[in-house]
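By convention in this document, chain letters (A, B, ...) are assigned in the order of the sequence lines, proteins followed by strands, and residues within each chain are numbered from 1.
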Amino acid sequence: MYATLPGFREFPPERFRERNRIFRILRSTADLFGFEEFDGPILEPLDLYVDKSGAEVVDQLFWFEDRGGRKVALRPEMTPTLARIVGAAGASLRKPVRWFTLNEQYRFERPQKGRQRAFTQFNLDILGEPSLGADAEVIACFVAALERCGLTQEDFRVRVSDRRIWTRFLDLMGIPAEKHPDCLSAIDKMERLSPEKLSAWLTPVLGDGTTDFLGRVAELRSIRDEAQLLPFLESLASRQEDNEKSAELVASWKQFRSAVDALGLGACAVLDLGIVRGLAYYTGPVFEIFEASGKGRALAGGGRYDHLVEKVSGVSMEATGGALGDVTLLDLLDSKGLLSTTLAGTECFLAIGGEASRPRALQITQLLRQFGISTSYLFKEAGFGKQFKEANRSGAKVVISVGEREIETDEYPVKDLASGEQISVSFENLGEQVRSVLRGGE
RNA sequence: GUGGUAGUAGCUCAGUUGGUUAGAGCAUCGGUUUGUGGUACCGAGGGUCGCCGGUUCAAAUCCGGUCUAUCACCCCA
């Protein structure tokens with residue numbers, strides 16, 4: 001028959017239920033932090049992404065020409081859409097803007113562990129706010145979301161870095177701005193590539209200075225203590241003016257770091273300049289969250305991108321944000337046993353003693369539903385024993401038997417399946433009594 | 001897009017040097033049980049052995065291709 005397309009997942013109820021529970025946690029966490037949810041089109045003009053990310057991205061997009069001859073693409077991310085909406089609203093928006101999305105995005109890439117072609121991302125962004133307190137807030141919200149999913153700060157690491165430190169470093173090393181992207185890319189690869197390969201890759205860009213450069217990079221990358229940042233940068237410069245700039249930068253970083261600590265992330269957030277992130281547009285702090293073992297793909301990542309909104313919309317606005325993907329999150333929660341396996345049946349089940357009793361049973365069903373008690377029953381005729389078995393397997397907590405005997409005496413046995421206790425209740429009192437049995441059974 | 005590994009029931013897997021009608025556990029359905037569930041026992045359904053082709057008297061088994069999954073590259077917004 002027909003298989004699902006590569007990288008697209010199916011969610012039968014038991015998996016969908018769990019994913020939804022996690023999504024509710026993400027949404028409520030965003031609420032807690034004062035973020036408001038928005039959404040945008042699933043299909044956008046192809047150029048929206050090409051202009052932002054360059055022509056190479058076309059290979060990684062689901063795109064096609066529509067019947068009106070427009071080149072369109074399934075959204076691979078939300079940032080351009082966000083920038084357009086915010087840019088269009090411009091000055092009328094009360095700042096800072098704190099918005100989030102939780103929706104599906106699409107990238108035409110080869111699927112592998114932690115990466116699908118269709119995935120849901122939890123995006124958090126704060127716009128119109130230059131203070132790095134906003135960057136700390138975004139990270140704190142992701143951390144809170146992970147904790148509310150059942151993880152602890154022992155289970156993951158937030159590796160925080162800062163693009164400005166690398167830019168400053170490259171400037172002090174005397175490397176011209178046009179070579180920065182290649183250098184940043186090399187620094188990013190350092191974690192995975194052997195020194196020989198890395199050197200071979202970078203030598204065409206930097207020439208003879210490559211070995212010395214990589215040595216300095218390794219030194220800076222290994223710094224885990226904020227106090228060592230300034231001495232290191234000062235060791236690269238002699239001019240007073242350079243040192244003043246460096247001191248200013250480090251002071252700004254420390255302010256950011258202090259907000260991160262005050263928000264209670266000290267146990268999981270570590271300075272790690274090995275985090276660079278691929279994109280050229282980051283302008284400040286950047287971060288990635290990994291499982292504590294360090295294995296696997298990032299759970300979340302993001303950073304400050306102060307010039308991107310202007311590039312997409314023409315309106316200048318500071319911005320910082322990040323995204324958390326459902327694929328890696330669900331994998332991790334599953335491996336930690338944090339996905340629930342409870343049954344999803346209705347709270348109450350009606351055992352019906354023959355077709356003559358069915359109309360009354362259906363009335364009772366609707367009565368209970370009006371009381372907010374989820375209720376179901378079998379459509380076909382079956383013995384009480386079978387119906388109890390069915391009730392039990394469906395996960396119901398209470399069974400009400402409805403047969404000719406009960407209808408005649410107006411006494412309906414309400415059985416609590418967990419305790420085995422059974423009480424007798426009249427039609428009139430069913431709603432309240434069943435509700436109290438359900439509540440009392442907690 | 002490039003390379004390595006794998007694919008047998010819904011799930012987890014067994015299947016001998018190629019040899020009769022491809023098995024088990026779990027799950028599903030039915031029964032023991034036509035007025036009370038979980039346990040237990042009995043039984044049933046479910047397979048083109050991923051797909052296509054080749055070798056052979058004979059292929060789940062060997063070979064080639066392909067699809068899918070997975071891992072490593074590329075990329076990671």
Side-chain angles (χ1 to χ4, degrees), chain A residues 1-10 12 14-15 44 48-54 56-61 73 75-83 105-117 119 121 123 125 185 188-189 191-194 197 201 275-282 286 288 295-298 300-303 305 308 311-312 321-323 325 327-328 331 343 345 349-355 357 380-406 412-422:
Chain A
M1 289 305 287
Y2 300 103
T4 52
L5 257 15
F8 284 76
R9 295 166 292 167
E10 289 174 319
E14 65 274 12
R15 288 184 55 208
E44 292 274 17
L48 178 63
Y49 304 113
V50 174
D51 288 347
K52 181 209 153 201
S53 305
E56 316 82 58
V57 290
V58 170
D59 293 336
Q60 308 190 53
L61 295 178
R75 61 182 174 207
E77 57 168 327
M78 289 305 294
T79 309
T81 303
L82 168 67
Q105 294 155 39
Y106 309 86
R107 295 177 190 174
F108 193 80
E109 298 179 292
R110 175 165 295 210
Q112 43 183 275
K113 188 154 199 73
R115 183 162 80 183
Q116 299 287 326
R117 287 180 170 179
F119 53 92
Q121 277 204 145
N123 292 269
D125 289 279
S185 181
D188 192 31
K189 290 184 200 313
E191 201 155 311
R192 305 182 296 274
L193 256 51
S194 67
K197 280 188 179 171
W201 192 84
I275 296 299
V276 176
R277 293 186 63 75
L279 272 290
Y281 60 71
Y282 287 111
V286 290
E288 289 188 358
K295 290 180 183 164
R297 308 180 67 81
Y305 52 100
L308 188 67
K311 187 174 177 185
V312 172
V327 182
T328 43
D331 279 353
L343 292 169
F349 196 93
L350 259 64
I352 304 172
E355 287 310 303
S357 308
K380 66 183 176 191
E381 199 169 355
F384 277 89
K386 186 162 175 60
Q387 294 186 72
F388 268 77
K389 183 179 282 193
E390 185 61 34
N392 190 63
R393 296 203 311 173
S394 78
K397 295 179 178 59
V398 162
V399 176
I400 302 172
S401 301
V402 182
E404 289 175 30
R405 229 154 61 196
E406 288 78 11
Y412 298 92
V414 175
K415 183 166 184 176
D416 180 333
L417 287 179
S419 67
E421 283 171 29
Q422 185 165 296

Quick check: do A/F119 and A/F8 have side-chain heavy atoms less than 4.5 Å from each other?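 They are not in contact (no side-chain heavy atoms under 4.5 Å apart), so the answer is no.
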When the distance from NZ of A/K189 to C1' of B/rC75 is rounded to whole Å, what number comes out?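 Going from NZ in A/K189 over to C1' in B/rC75 covers 8 Å.
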Just by modelled atom types, is the A/Q105 backbone N or O under 3.5 Å from a matching donor or acceptor in the A/Q121 side chain?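 Side chain of A/Q121 to backbone of A/Q105, a donor-acceptor pair under 3.5 Å: no, none is there.
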Between B/rG53 and B/rA59, how far is it from one C1' atom to the other, in whole Å?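 It comes out at 13 Å once rounded to the nearest Å.
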Pick base, sugar-phosphate or nothing for A/K295, based on heavy-atom distances below 4.0 Å to the nucleic acid.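 A/K295: no heavy atom of the nucleic acid under 4.0 Å.
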Residue whose closest nucleotide on RNA chain B lies nearer the 5' end, A/R107 versus A/G114: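 Of the two residues, A/G114 wins.
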How is A/Y281 classified with respect to the nucleic acid when contacts are heavy atoms under 4.0 Å: base, sugar-phosphate, or nothing?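 Counting heavy atoms under 4.0 Å across all strands, the contact made by A/Y281 is with sugar-phosphate only.
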Taking 4.0 angstrom as the limit, do A/E109 and A/R115 come out as a salt bridge?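 So A/E109 pairs with A/R115 through a salt bridge.
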Rounded to whole Å, how long is the line connecting atom CD of A/E191 with atom P of B/rC76?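 Spelled out: CD on A/E191 to P on B/rC76 is 15 Å.
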Using only atom types and a distance under 3.5 Å, with no angle test, would you say the side chain of A/Q60 pairs donor to acceptor with the backbone of A/V57?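 Not confirmed, A/Q60 side chain does not pair with A/V57 backbone.
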Pair assignment for RNA chain B - dot-bracket with | for other-strand partners, Watson-Crick or G-U under 3.5 Å: (((((((..((((.....[...)))).(((((.......))))).....(((((..]....))))))))))))....
For A/K52, is there an ion pair with A/E77 - N to carboxylate O distance below 4.0 angstrom?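 Salt bridge flag = yes for A/K52 with A/E77.
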B/rC11 versus B/rU48 - spacing of their P atoms, nearest Å: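 Going atom to atom, P in each nucleotide, I get 13 Å.
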For A/R277, answer base if it contacts any base atom (sugar-phosphate contacts may also be present), sugar-phosphate if it contacts only those atoms, and nothing otherwise; contact means non-hydrogen atoms under 4.0 Å.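 Sugar-phosphate, no base atom in range.
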Test item: A/T328 and A/R297 side chains (from C-beta on) under 4.5 Å apart, heavy atoms: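 Heavy-atom side-chain distance check passes, below 4.5 Å.
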What is the distance, rounded to the nearest whole Å, between atom CG of A/L61 and atom C1' of B/rC75?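 Taking CG of A/L61 and C1' of B/rC75, I get 12 Å after rounding.
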To the side chain of A/R115, which of B/rU70, B/rA77, B/rC75 is closest?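 Of all the options, the side chain of A/R115 is nearest to B/rC75.
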Report yes or no: does A/Q387 contribute a side-chain atom to a donor-acceptor pair with the main-chain N or O of A/I352 at less than 3.5 Å?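 Judged by distance alone, yes, a pair lies under 3.5 Å.
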Indicate, with a heavy-atom threshold strictly under 4.0 Å, whether A/P76 touches base, sugar-phosphate, or nothing.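 Base: the residue A/P76, judged by heavy atoms under 4.0 Å, touches a nucleobase.
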Using atom CD of A/E14 as one end and atom C1' of B/rA27 as the other, report the distance to the nearest whole Å.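 Rounded to whole Å, this separation is 11 Å.
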Distance check needed: B/rA69 P versus A/Q112 CD, whole Å only.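 That distance rounds to 12 Å.
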How close or far is atom C1' of B/rG4 from atom CZ of A/R110, stated in whole angstroms?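 Value for this atom pair: 12 Å.
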With rounding to whole Å, what would you report as the distance between B/rG43 and B/rU68 at their P atoms?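 So the two P atoms sit 43 Å from each other.
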Using the P atom in both, what is the distance from B/rG7 to B/rC13, to the nearest Å?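 Comparing P positions in B/rG7 and B/rC13 gives a spacing of 11 Å.
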Whole-Å distance between B/rC75 P and A/D59 CG?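 The answer, rounded to whole Å, is 12 Å.
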Parallel under 30°, tilted from 30 to 60°, perpendicular over 60°: which one fits the rings of A/Y281 and A/Y305?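 Perpendicular.
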Between B/rC51 and B/rU8, how far apart are the two P atoms, rounded to whole Å?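 After rounding to an integer number of Å, I get 10 Å for this pair.
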Which part of the nucleic acid, if any, lies within reach of A/G7 when heavy atoms closer than 4.0 Å are counted: base, sugar-phosphate only, or nothing?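 Sugar-phosphate: the residue A/G7, judged by heavy atoms under 4.0 Å, touches backbone atoms but no base.
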Extract from the structure each pairing of a protein N or O with an N or O of nucleotides 32-39 of chain B at less than 3.5 Å, listing the distance.
residue	atom	partner	partner atom	Å
B/rG35	N1	A/E406	OE1	2.9
B/rG35	N1	A/E406	OE2	2.7
B/rG35	N2	A/E406	OE2	2.1
B/rU36	O2	A/K415	NZ	3.4
B/rU36	N3	A/Q422	OE1	3.2
B/rU36	O4	A/Q422	NE2	3.4
B/rG37	N7	A/K415	NZ	3.4
B/rG37	O6	A/L417	O	3.4
B/rG37	N1	A/L417	O	2.3
B/rG37	N2	A/N392	OD1	2.8
B/rG37	N2	A/L417	O	2.9
B/rG37	N3	A/N392	OD1	3.1
B/rG38	O4'	A/N392	ND2	3.0

Does OP1 or OP2 of B/rG30 have a side-chain N or O of A/K380 closer than 4.0 Å?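 For B/rG30, OP1 or OP2 has a side-chain N or O of A/K380 closer than 4.0 Å.
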For A/R117 and B/rA77, what is the distance between atoms CZ and C1' respectively, to the nearest whole Å?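 Those two atoms, CZ and C1', are 17 Å apart.
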Under 4.0 Å, heavy atoms only, any strand: does A/K197 hit a base, just the sugar-phosphate, or nothing?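 Touches nothing.
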Verify the neighbour count for atom CD of A/E421: are there more than 12 heavy atoms of other residues, nucleotides or ligands below 6.0 Å?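 Atom CD in A/E421 is not packed in, count stays at 12 or less.
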Using atom C1' of each nucleotide, how far apart are B/rA58 and B/rU21 to the nearest Å?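 Approximately 15 Å lies between the C1' atom of B/rA58 and that of B/rU21.
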Separation of the C1' atoms in B/rG50 and B/rG45, to the nearest angstrom: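 To the nearest whole Å, 23 Å.
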In terms of side-chain heavy atoms, does A/T81 have a donor or acceptor partner in A/E44 at a distance below 3.5 Å?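 The criterion, which ignores hydrogens and geometry beyond distance, is satisfied for A/E44 and A/T81.
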Taking only the P atom of each, what is the distance from B/rC67 to B/rG10 in whole angstrom?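 B/rC67 and B/rG10 have their P atoms separated by 24 Å.
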Lys NZ or Arg CZ of A/R117 over A/F108 ring: under 6.0 Å, within 45°: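 Checked: cation-pi criterion met.
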